[in-house]
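Hydrogens, waters and symmetry mates play no part in the numbers below; they use all other heavy atoms, side chains included.
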Amino acid sequence: MDNFSSHDAPASNKISNIDPTIITLSQSQYTLYQSDIIEIHAPDGEHLESLGQKIRDDQAKESAYQLQSQISLLECLFLNITNSIELPVSASSGLVDVFYRMQELCGKHIE
């Protein structure tokens, strides 16, 4: 395959003094790596490795943090509203989105 190479890697990249085989992904493979988990299987079908789980975990943590920040902001806003307020359509849509994501998150924690 043309996306495999094996050469002397810098000492910082070596694991137990073993030269790694480097796989360079094409753009479509890289896009897949960013959006999915790639599994490597042996010729007999045995699962050897999964790649991409860390990206999924990082994205989930970032999404949860953003939602938590949005909820905190909404709480501060609602506590400081003393009169009736009329929101523009875009703000209402944003609130619906945050409430929907809150519902999804709560549903995941309940299950």
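Between atom CG of residue Leu77 and atom CD1 of residue Ile81 there is a gap of 6.0 Å, rounded to the nearest 0.5 Å. Note: Leu79 CG to Leu74 CG = 10.5 Å, rounded to the nearest 0.5 Å.
Salt-bridge formation is detected for the pair Asp97/Arg101: a Lys NZ or Arg NE/NH1/NH2 atom is positioned less than 4.0 Å from an Asp or Glu carboxylate oxygen.
If you chain together hydrophobic residues whose side chains sit under 4.5 Å apart, Val89 and Leu95 never meet in one group. Residues Ile40 and Leu32 are members of separate hydrophobic clusters, defined by side-chain heavy-atom contacts under 4.5 angstrom among Ile, Leu, Val, Met, Phe, Trp and Tyr. Cluster annotation: Met102 and Phe78 are assigned to the same hydrophobic cluster (Ile/Leu/Val/Met/Phe/Trp/Tyr, side-chain heavy-atom contacts under 4.5 Å, transitive). Hydrophobic clustering (ILVMFWY, side-chain heavy atoms < 4.5 Å, transitive): Leu48 and Ile23 are in one cluster. In this structure, Val98 is not a member of the same hydrophobic cluster as Leu73, with clusters built from ILVMFWY side-chain heavy atoms closer than 4.5 Å.
Across all non-hydrogen atoms, the minimal contact from Ser50 to Ile37 is CB-CG2, 4.0 Å.
Under a 3.5 Å cut-off, the side chain of Ser72 and the backbone N or O of Gln68 do form a donor-acceptor pair.
Two residues are said to be in side-chain contact when any heavy atoms from C-beta on lie closer than 4.5 Å; Gln103 and Phe99 fail this criterion.
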**Message:** Evaluate Gln70 against Gln66 for side-chain hydrogen bond (donor to acceptor under 3.5 Å, both in side chains), listing each step before the verdict.
**Reply:** CA-CA 6 Å; Gln70 290 170 334; Gln66 286 179 0; 5.7 Å; no

